[in-house]
Peer 1: 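Supplied in structure tokens, the structure appears directly below.
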Amino acid sequence: ASGCILMIGGRSIVSPLIIRTTNPIRSQLTIYTTTYNNSMTIKLPSIKDIITGSHAKSKSNNMSTSAADACAAAAPSSAGAGAIESTVALGAGCYWGTEKFVKKDFQKRFPNAVKSAKVGFMSPDANAKPNPSYRAVCSGSTGNVEVLNVELNDPDKHYEELIKFFFMFHDPSTKDRQGNDVGTQYASAIFFNGEEQARIAHKVKAELQELVDAKMVTRYANDKVETKIFAANPFYEAHAEHQEYLMKNPGGYCNHFYRFKEWPELN
């Protein structure tokens, strides 16, 4: 049961009680109300009326219907509950390699999974200086992380797969470092959008730690997964010459490689 406050004639006088009833044919949502600071009262139906639905047929339901409509407008919609947002930003060291592995290798596994992907910068600090330059980020002084901002076509199907894949091609156990690249700009980081993305990211990270502890993943430098998980902040796209760099320059710098290629199953 739940309720909300309605304003009628400039006064908050109605407190609706929402009762969910189920019969063999269908589930119903019916609103019944009582009023306060006012002489008018709506009589609550009997349990029998609620079960049979006979009260819903009564003409005295006009006030209840209005209350239901008002509550539906005031309450957040449940239609999108549990939905996964389509965009996530991933930091896994130099963004050239992150881009290559996601746009090329991930899509070999899951064709057309990626709608768009751009390299750029994102900070864990929502108040960080906007639009940092590449040179400034490389200095390590801005707090920004080199990321690939990925938009998925079907996040319900591919978001968790992407997070698992993310842990396959970089080392999340070396804090603020990937190979020769050292600094906060090279942090292992997931910038999530929405609660469901956050939940899945934390779940996969925890599972990975269990795999490391169980010696089922052994090619990381250390034994602790250091990946940071942050709420997404403004994304600043890098210059055009940095986009798809390794696609344009196949022999270009990349220190990413597979630590494992299939996600192990925990016993």
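Side-chain atoms are counted along with the backbone in the values below, which use heavy atoms only and exclude waters and symmetry mates. Just so it is clear, the model here is predicted, and its values are computed rather than measured. Numbering of residues begins at 1 and proceeds along the displayed sequence.
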Peer 1: Decide whether Tyr220 and Phe257 are clustered together by the hydrophobic rule: side chain heavy atoms of Ile, Leu, Val, Met, Phe, Trp, Tyr closer than 4.5 Å, transitively.
Peer 2: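 Different clusters.
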Peer 1: Can you see whether Tyr186 engages Asn180 through a side-chain donor-acceptor pair at a distance of less than 3.5 angstrom?
Peer 2: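 Asn180 and Tyr186 do not have a side-chain donor-acceptor pair below 3.5 Å.
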Peer 1: Evaluate the side-chain proximity of Lys164 to Glu160: yes if any heavy-atom separation is below 4.5 Å, no if none is.
Peer 2: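 The answer is yes; the side chains approach within 4.5 Å.
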Peer 1: Do Lys205 side-chain atoms and Thr227 backbone N/O form a donor-acceptor pair below 3.5 Å?
Peer 2: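 At least one qualifying donor-acceptor pair exists.
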Peer 1: Any luck finding a side-chain donor-acceptor pair between Thr98 and His170 under 3.5 Å?
Peer 2: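 There is no such pair (donor and acceptor under 3.5 Å, judged by atom type) between the side chains of Thr98 and His170.
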Peer 1: Look at the side chain of Thr218 and the backbone N and O of Lys215, then say whether any donor-acceptor pair between them is shorter than 3.5 Å.
Peer 2: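 No, Thr218 side chain to Lys215 backbone: no donor-acceptor pair under 3.5 Å.
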Peer 1: Do any N or O atoms from the side chain of Ser173 and from the backbone of Asn222 form a donor-acceptor pair under 3.5 angstrom?
Peer 2: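 Judged by distance alone, yes, a pair lies under 3.5 Å.
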Peer 1: Any non-hydrogen side-chain atom of Lys115 less than 4.5 Å from a side-chain atom of Leu152?
Peer 2: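 Contact flag for Lys115/Leu152 side chains = no.
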Peer 1: In this structure, are over 12 heavy atoms from other groups packed under 6.0 Å from Lys248 atom NZ?
Peer 2: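 More than 12 heavy atoms, drawn from other residues, nucleotides or ligands, come within 6.0 Å of this atom.
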Peer 1: When rounded to the nearest 0.5 angstrom, what is the spacing between CD in Glu99 and CD in Glu146?
Peer 2: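 Answer for the CD-CD pair, Glu99 versus Glu146, is 11.5 Å.
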Peer 1: Answer yes if the side chains of Ser116 and Glu151 hold a donor-acceptor pair under 3.5 Å, and no otherwise.
Peer 2: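 There is such a pair between these side chains.
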Peer 1: Using modelled atom types and a 3.5 Å cut-off, is there a donor and acceptor pairing between side-chain atoms of Arg177 and backbone atoms of Gly179?
Peer 2: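 The answer is yes, because a donor-acceptor pair under 3.5 Å joins these two groups.
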Peer 1: Are any side-chain N or O atoms of Lys224 and backbone N or O atoms of Gln209, one a donor and one an acceptor, separated by less than 3.5 Å?
Peer 2: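 No; zero donor-acceptor contacts below 3.5 Å.
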Peer 1: Ignoring hydrogens and geometry, is there a side-chain-to-backbone donor-acceptor pair from Gln107 to Val114 under 3.5 Å?
Peer 2: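 Looks like yes, one N/O pair under 3.5 Å.
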Peer 1: Between the main-chain N or O of Ser123 and the side-chain N or O of Asn233, is there a donor-acceptor pair closer than 3.5 Å?
Peer 2: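 Here the side-chain-to-backbone pair exists.
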Peer 1: Centroid separation under 6.0 Å, is that true for the rings of His239 and Tyr134?
Peer 2: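 Here the rings of His239 and Tyr134 have centres that are no less than 6.0 Å from each other.
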Peer 1: Can you tell if the side chain of Val147 reaches within under 4.5 Å of the side chain of Val119, non-hydrogen atoms only?
Peer 2: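 No, too far: nothing below the 4.5 Å cut-off.
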Peer 1: Measure the shortest side-chain to side-chain distance between Asp181 and Asn255 over non-hydrogen atoms and say whether it is less than 4.5 angstrom.
Peer 2: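 With C-beta onward as the side chain, the pair touches.
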Peer 1: Aromatic ring centroids of Phe121 and Tyr95 under 6.0 Å?
Peer 2: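 Here the rings of Tyr95 and Phe121 have centres that are less than 6.0 Å from each other.
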Peer 1: Between Glu207 and Trp263, is any pair of side-chain heavy atoms under 4.5 Å apart?
Peer 2: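 They are in side-chain contact.
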Peer 1: With distance as the sole test, does Asp171 use its side chain to make a donor-acceptor pair with the main-chain N or O of Gln178 at under 3.5 Å?
Peer 2: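 Flag not set: sc Asp171 to bb Gln178 has no pair under 3.5 Å.
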Peer 1: Side-chain contact, heavy-atom cut-off 4.5 Å: Val182 with Asp176?
Peer 2: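 No, too far: nothing below the 4.5 Å cut-off.
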Peer 1: With a 4.5 Å cut-off on side-chain heavy atoms, are Lys103 and Glu244 touching?
Peer 2: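 The answer is yes; the side chains approach within 4.5 Å.
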Peer 1: What residue among Phe169, Phe167, Phe101 forms ring-ring contact (aromatic ring centres under 6.0 Å, His included) with Tyr258?
Peer 2: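 Among Phe169, Phe167, Phe101, the one that satisfies the ring-ring contact (aromatic ring centres under 6.0 Å, His included) with Tyr258 is Phe101.
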Peer 1: Do Val150 and Thr87 have side chains that get closer than 4.5 Å, going by heavy atoms?
Peer 2: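 No, too far: nothing below the 4.5 Å cut-off.
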